[in-house]
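Structure first, then comments.
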Amino acid sequence: MALYGTLMLLLSLPLLLLLTYALADGLTLDIVSLGAKPDGKTDASPVLQTAWAKACDSTGPATIHVPIGTFYVQSGSFNGPCKNNAITIRIDGTLVASSDIQVLAKTKAWIGFKDVNGLSIHGGVIDGKGSGIWDCKHSGNNCPDGAPNLEITNAQNVIIDGLASINSQIFNIVVHGCQNVNIQGVKVSDPGDSPNTDGIHVQESSDVTILSSNIGTGDDCISIGPGTTNLWIESVTCGPGHGISIGSLGKSADEPGVKNVTVTSSTFTESTNGVRIKSWARPSSGFATDIHFQHITLDNVKNPIIIDQNYCPHDEGCPHQDSGVKISEVTYEDIKGTSATEIGVKFDCSPTNPCTGLTLEDIKVTYNDQIAKASCKGAKGTASGVVEPASCLE
């Protein structure tokens, strides 16, 4: 499986070559030259839309440059298809959203790209100014849902490199319905108590890699939704946050499954969960199979290794039935570190659809300088090497 990550990088090389050509010889559109003001107050949205229209209409590679400075962006929706397959967004400055929670109340995403092929986003900071909506939600008032900082929809051959996403109202970066996406060197920073601020969310997408990224947030560092296949996650640091989670799955009765996901060489620090699979306790055609968690370091993580097929946030809208999601062929290899709770390994599987093909190999999770405990319900599989806590798999 280690060859998969290398292969994905090799597949990205043609796009990187296109990017180099775009920077050197293609059309370059500087938003200040087009009229944007780096004062953090004047809305740069119209200028960005003009720049996008020109870039999208270009028959050759095109670059939109956001220079050093702070640019207020009310919202931006950048749609294809375009006449070229090499558009680069180079951000040297900072894009900031409105702090008024009503500005994006009916907007699907603060910054969104749809139906594009060959998009590259490099560097910079996007600041969603989400504290107002977090405070509203904490107060229990009737609040807007919020908008993701960045959403990529129905796109192919995408690179997101070196971007910092901060203070997102909800999810920071969403990849939905995409193919061949390479996310690397990303930094996500939200407070640990910010609600629904997943770092990166991937759904109904294939051939996605997430590399060398640092994520601290108030929800899942990376969340993996239905319809995700061939996802490679490597060298990610998570904390604060809710870990790297497959799911929640099974919210809908009829949904696509998750297949071939690898999380490797990653570190979790004081996160709520480490590696997690979660599904609703309700009938579903969903599944998760061919999952690999390997070479993981844990530092004071509350639920280091967990499968929860009785997921029911806030005990609302759950019919308290058995989960129909089929979880199978999940490997846990070389996972070591400390748990913040006594139960370091917890497999709470569906009583009517037990987890099958679970594999534990070279596990060592401690709690208060002692070996942690394991808990299993409906979990079938094998263990090899040194496994501490001792396997409770059937």
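Just so it is clear, the model here is predicted, and its values are computed rather than measured.
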- Side chain W110, main chain S168, donor-acceptor under 3.5 Å: no
- State the OG1-CD distance between T352 and Q309, to the nearest 0.5 angstrom. 8.5 Å
- Any donor and acceptor pair, going by atom type alone, linking the side chain of H242 with main-chain N or O of C221 inside 3.5 Å? no
- Query: Hey, is the main chain of S212 close enough, under 3.5 Å, to the side chain of S235 for a donor-acceptor pair?
  - Reply: no
- Under the criterion side-chain contact (heavy atoms from CB on, under 4.5 Å), which of I159, I91, I126, I64 is the partner of I121? I91
- Message: Quick one, N79 with D115, criterion side-chain hydrogen bond (donor to acceptor under 3.5 Å, both in side chains). Give me CA distance, side-chain angles, the key distance, then yes/no.
- Response: CA-CA 6 Å; N79 299 327; D115 297 328; over 6 Å; no
- Under a single-linkage definition using a 4.5 Å side-chain heavy-atom cutoff for Ile, Leu, Val, Met, Phe, Trp and Tyr, are F171 and I210 assigned to the same hydrophobic cluster? no
- Do T366 and I371 come close enough that some side-chain heavy atom pair is under 4.5 Å? yes
- Query: Do side-chain atoms of T341 reach the backbone of K302 as a donor and acceptor pair under 3.5 angstrom?
  - Reply: yes
- Query: Is any side-chain heavy atom of I246 less than 4.5 Å from a side-chain heavy atom of I224?
  - Reply: yes
- CA sep, side-chain torsions, deciding dist, call: T209, Q184, side chain to side chain contact (heavy atoms under 4.5 Å, CB included): CA-CA 8 Å; T209 61; Q184 55 191 354; over 6 Å; no
- If you look at every heavy atom in P226 and V258, which pair is closest and at what distance? CA-CG2, 4.1 Å
- Query: Would N310 and D348 count as a side chain to side chain contact (heavy atoms under 4.5 Å, CB included) if you check the C-alpha gap in whole Å, the side-chain angles of each, and the deciding distance to 0.1 Å?
  - Reply: CA-CA 7 Å; N310 295 291; D348 186 10; 3.2 Å; yes
- With hydrophobic residues grouped by side-chain heavy-atom distances under 4.5 Å, do V263 and I335 end up in a single group? yes
- Item | Side-chain donor-acceptor pair present, D190, N172, cut-off under 3.5 Å | yes
- Could you walk me through whether I343 and Y367 pass the side chain to side chain contact (heavy atoms under 4.5 Å, CB included) check? CA-CA 8 Å; I343 306 298; Y367 169 67; over 6 Å; no
- Note on the structure: Rounded to the nearest 0.5 Å, the OG atom of S375 sits from the NZ atom of K346 at a distance of 6.0 Å
- Note on the structure: Partner of N260 under side-chain contact (heavy atoms from CB on, under 4.5 Å), picked from D207, N230, T228, is N230
- Query: Is there a donor in the side chain of T356 and an acceptor in the side chain of S328, or the other way round, less than 3.5 Å apart?
  - Reply: no
- Task: Answer yes or no: is there a donor N or O on one side and an acceptor on the other, between the side chain of T88 and the main chain of R90, under 3.5 Å?
- Result: no
- Message: Treating S248 as the side-chain partner and W280 as the backbone partner, does any N or O pair qualify as donor plus acceptor under 3.5 Å?
- Response: no
- Task: Would you mind listing every ring pair (Phe, Tyr, Trp, His ring centres under 6.0 Å) that reaches into residues 37-92, with sequence neighbours excluded?
- Result: W52-F78, W52-F113, F78-F113
- Message: Taking the two cysteines C349 and C376, do their sulfur (SG) atoms come closer than 2.5 angstrom to each other?
- Response: no
- Below 4.5 Å, heavy atoms only, C-beta onward: do L150 and I160 meet side chain to side chain? yes
- Task: Taking the side chain as every heavy atom from C-beta outward, state whether S75 and L104 have any atom pair closer than 4.5 Å.
- Result: yes
- Atom of V365, atom of P304 and distance for their closest heavy-atom approach: CG1-CG, 4.0 Å
- Message: For a 4.5 angstrom cut-off between non-hydrogen side-chain atoms, does Y311 reach L249?
- Response: no
- Within a reach of under 6.0 Å around CG of D254, are more than 12 heavy atoms found that belong to other residues, nucleotides or ligands? no
- Would you check if the side chain of S279 reaches a backbone N or O of G250 as a donor-acceptor pair within less than 3.5 Å? no
- Task: Flag the pair T217 / D198 as yes when at least one side-chain heavy-atom distance between them is below 4.5 Å, and no otherwise.
- Result: no
- Message: Nearest 0.5 angstrom please: I215 CD1 to I222 CD1, how far?
- Response: 4.5 Å
- Message: Please check: side-chain N/O of N368 versus main-chain N/O of Q370, any donor-acceptor pairing under 3.5 Å?
- Response: no
- Message: So, taking the atom named OG in S45 and the one named CD in Q74, what distance separates them when rounded to the nearest 0.5 Å?
- Response: 5.5 Å
- Please answer: with hydrophobic residues joined when any side-chain heavy atoms are less than 4.5 Å apart, are I306 and I233 in the same cluster? no
- Item | Residue pair D322 / N353, side-chain heavy-atom distance below 4.5 Å | no
- Task: Any chance you could measure T107, atom OG1, to D145, atom CG, to the nearest 0.5 Å?
- Result: 12.0 Å
- Message: For the OG1 atom of T264 and the NE2 atom of H295, what is their distance to the nearest 0.5 Å?
- Response: 4.5 Å
- Hydrophobic cluster of W134, others only, ordered by chain and residue number, side-chain cut-off 4.5 Å: I101, I133
- Query: Counting distance only, does the side-chain N/O of Q203 pair as donor-acceptor with the main-chain N or O of G225 below 3.5 Å?
  - Reply: no
- Item | Residues, nucleotides or ligands: over 12 heavy atoms within 6.0 Å of D30 CG | yes
- Evaluate the criterion side chain to side chain contact (heavy atoms under 4.5 Å, CB included) for residue pair R282 and K251; output intermediate values, then yes/no. CA-CA 7 Å; R282 58 178 63 175; K251 189 171 184 178; 4.0 Å; yes
- Would you say the side-chain atoms of S223 pair up with the backbone N or O of D220, donor to acceptor, closer than 3.5 Å? no
- Do you know the tightest heavy-atom contact between G185 and S213? N-OG, 3.6 Å
- May I ask you to test the N196-K137 pair for a side-chain heavy-atom distance under 4.5 Å? yes
- Whether over 12 other heavy atoms sit under 6.0 Å from I68 CD1: no
